[in-house]
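Shown next, in structure tokens, is the structure this report addresses.
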Amino acid sequence: MNHEHRGHGPHKVGHVKEVTSLANPIIKDIKALANKKSREESGTFMAEGLKLVIDAIELGWAIRTLVYAKAAKGKPLVEQMAAKTVASGGLVLEVSEKILSSVTRRDNPQMVVGIFESRWKPLKDIRPKEGETWIALDRVRDPGNLGTIIRTADAAGASGVILIGETTDPFSLETVRATMGSLFAVPVAKATPEEFIGWKKSAGVAVVATHLAGSVDYRMIDYKKKPVVLLMGNEQAGLPDQLAKEADALARIPQQGRADSLNLAVASAVMLFEARRHLLSLSEGK
């Protein structure tokens, strides 16, 4: 992937490059970020919308390229983000809505798009403290589910998400959209099943797994004793025995009615808010 557009060389501070052609190599590079291979090779991903770009920059994520539509030119917040992008060595592009639609694959695209450097939290650096809750997802497949879980973890005050095995990419366009900006606030780590099991043994955490064979009502578990890791299984297959047997408790969400299971994102939300119920309150200004 071509990185000559990173803002080094001829692009002066305050310089905005106008791009009018879909054949422009920079635009081709950005469009390629729809593919996981391109994201991994470049170490970058795309976030759409001015709010997401502002959140990411304020939370210290490194921006490589800011792209905005001509219609957004001159808007104070857009100008501020453009200045911050250039100051950090990034490139600012002014493009037509047609180009933005092509980049985002939407008919009515957001007026601003940011290209950011991907960021993973090393598993070995995760040492949960008292009152912390993490959620671990085994082979999560659906980008919408993953994005919704990251957003829910943020809302519940969880400390982060651990992805186990071959999972969907948290930096895909669909996942980033579904997080509604929470991706920038919630650390994400990845691990093989073996790495997760090894980490669990020394991390001082209580692993609570949801399992169809679970015998414990999820509301009856003590979530206060130790930092908690909620372990959720794959959408189709649930948790494999290799991981289930490492859990300190196998929990089940009681159900009534004809549906025999919950959507993964919904089940994760139920578990997150129960695990953190003793820490959550309706305080002033919330």
Taken to the nearest 0.5 Å, the spacing of Arg177 CZ from Gln110 CD works out to 9.0 Å

Least distance between heavy atoms, Pro170 atom then Trp120 atom: CG-CH2, 3.4 Å

For the residue pair Asn263 and Asn145, establish whether any side-chain heavy-atom pair is separated by less than 4.5 Å. yes

Answer yes or no: is there a side-chain heavy-atom contact under 4.5 Å between Pro128 and Lys226? no

Glu94 and Val19: CA distance, side-chain angles, deciding distance, side-chain contact (heavy atoms from CB on, under 4.5 Å) verdict: CA-CA 6 Å; Glu94 183 182 308; Val19 177; over 6 Å; no

Which pair of non-hydrogen atoms, one from Ala244 and one from Leu250, has the smallest distance, and what is that distance? O-CD2, 3.8 Å

Under the 3.5 angstrom rule, does the side chain of Ser182 hit a backbone N or O of Ala185 as a donor-acceptor pair? no

Does Trp199 have Lys124 sitting over its ring (NZ/CZ under 6.0 Å from centre, angle to axis within 45°)? no

Using modelled atom types only, decide if a donor and an acceptor are shared between the side chain of Arg106 and the backbone of Ser101 within a distance under 3.5 Å. no

Are Met46 and Ile30 close enough, and set up right, to give a side-chain contact (heavy atoms from CB on, under 4.5 Å), and what steps lead you there? CA-CA 8 Å; Met46 186 191 311; Ile30 292 172; 3.8 Å; yes

Would a distance-only check, ignoring hydrogens and angles, find a side-chain to backbone donor-acceptor pair under 3.5 Å from Ser38 to Ala32? yes

Rounded to the nearest 0.5 Å, what separates atom CD1 in Ile253 from atom CG in Leu212? 10.5 Å

Distance alone, cut at 3.5 Å: any donor-acceptor contact between the side chains of Thr168 and Arg141? no

Give me the atom names and distance for the closest heavy-atom approach of Val186 to Gly160. CG1-CA, 3.7 Å

Which value, rounded to the nearest 0.5 Å, describes the distance between Lys28 atom NZ and Asn24 atom CG? 9.0 Å

Met232 CE to Ile135 CD1 distance, which is reported to the nearest 0.5 Å: 5.5 Å

To the nearest 0.5 Å, how far apart are OG in Ser42 and CD1 in Ile115? 9.0 Å

Using the rule that two of Ile, Leu, Val, Met, Phe, Trp, Tyr join whenever any of their side-chain heavy atoms come within less than 4.5 Å, decide whether Ile126 and Leu231 are in one cluster. yes

Among Asp138, Leu137, Val140, the one residue meeting side-chain contact (heavy atoms from CB on, under 4.5 Å) with Thr167: Val140

Tell me whether Asn234 contacts the main-chain N or O of Ala237 through its side chain, where contact means a donor paired with an acceptor under 3.5 Å. yes

Rounded at 0.5 Å granularity, tell me how far CZ in Phe184 sits from CD1 in Ile150. 10.5 Å

Answer with yes or no whether the side chains of Ser102 and Lys31 bring together a donor and an acceptor at under 3.5 Å. yes

Quick one: closest heavy-atom pair of Val208 and Val228, and the distance? CG2-CG1, 4.3 Å

Can you confirm whether more than 12 heavy atoms, excluding those of Met111, are under 6.0 Å from its CE atom? yes

Quick check: does any side chain N or O of Arg64 sit under 3.5 Å from a backbone N or O of Phe116, one acting as donor and the other as acceptor? no

Val216 with Leu272, same ILVMFWY side-chain cluster at under 4.5 Å: yes

Please determine whether salt bridge (Lys or Arg N to Asp or Glu O under 4.0 Å) holds for the pair Glu41 and Lys37, giving the CA-CA distance in whole Å, both sets of side-chain angles, and the decisive distance to 0.1 Å. CA-CA 6 Å; Glu41 285 176 357; Lys37 186 166 180 271; 3.1 Å; yes

Around atom NZ of Lys98, are there more than 12 heavy atoms from other residues, nucleotides or ligands closer than 6.0 Å? no

Taking all atoms of both residues into account, what is the closest heavy-atom pair of Gly114 and Ile63, and its distance? CA-CD1, 4.3 Å

Backbone N or O of Gly131 within a donor-acceptor pair of the Arg276 side chain at under 3.5 Å? yes

Nearest atoms (heavy-atom pairs only) where Pro254 meets Asp217: CG-OD2, 3.5 Å

4.5 Å side-chain heavy-atom contact, Leu77 and Lys75: no

Minimum side-chain heavy-atom gap Thr44-Phe171 below 4.5 Å: no

Has Arg39 got a side-chain atom pairing as donor or acceptor with Ala34's backbone, closer than 3.5 angstrom? yes

Is there a path of hydrophobic side-chain contacts, each under 4.5 Å between heavy atoms of I, L, V, M, F, W or Y residues, that connects Val176 with Met180? no

State, yes or no, whether a side-chain contact exists between Tyr218 and Thr210 at a heavy-atom distance under 4.5 Å. no

Parallel, tilted or perpendicular: which fits the ring planes of Trp61 and Phe45, with parallel below 30° and perpendicular above 60°? perpendicular

Output yes when a side-chain donor or acceptor of Glu79 lies under 3.5 Å from a complementary backbone atom of Gly74, and no otherwise. yes

Flag if over 12 foreign heavy atoms under 6.0 Å of CG, Asp125: yes

With side chains defined as the heavy atoms from C-beta onward, is the minimum distance between Ile149 and Leu264 less than 4.5 Å? yes

Would you sort out whether Glu246 and Lys201 count as a salt bridge (Lys or Arg N to Asp or Glu O under 4.0 Å), showing the intermediate values? CA-CA 9 Å; Glu246 297 294 330; Lys201 286 182 163 67; 3.3 Å; yes

Got more than 12 heavy atoms from elsewhere within 6.0 Å of CD, Glu166? no

Going through the checks in order, is the salt bridge (Lys or Arg N to Asp or Glu O under 4.0 Å) test met by Lys224 and Glu130? CA-CA 8 Å; Lys224 300 176 191 176; Glu130 186 181 345; over 6 Å; no

Are Leu183 and Ile57 linked, directly or through other ILVMFWY residues, by side chains that come within less than 4.5 angstrom of each other? yes

Please test Val95 against Lys70 for side-chain contact (heavy atoms from CB on, under 4.5 Å), starting from the C-alpha separation and ending with a verdict. CA-CA 6 Å; Val95 302; Lys70 280 188 170 66; over 6 Å; no

Assess the residue pair Glu274 and Arg277 against the criterion (salt bridge (Lys or Arg N to Asp or Glu O under 4.0 Å)); give the C-alpha distance rounded to whole Å, side-chain angles, the decisive distance to 0.1 Å, and a yes or no. CA-CA 5 Å; Glu274 180 61 26; Arg277 181 156 58 112; 2.9 Å; yes

Taking the side chain as every heavy atom from C-beta outward, state whether Ile26 and Lys17 have any pair of such atoms under 4.5 Å apart. yes

Would you check, one step at a time, whether the test side-chain contact (heavy atoms from CB on, under 4.5 Å) holds for Leu146 with Leu163? CA-CA 10 Å; Leu146 177 55; Leu163 302 179; 3.8 Å; yes

Keeping Arg252 on the side-chain end and Gly214 on the backbone end, is there a donor-acceptor pair under 3.5 Å? yes

Close side-chain approach of Val16 and Tyr68, heavy atoms under 4.5 Å: yes

Between Phe273 and Leu279, is there shared hydrophobic-cluster membership here, with clusters defined by ILVMFWY side-chain heavy atoms closer than 4.5 Å? no

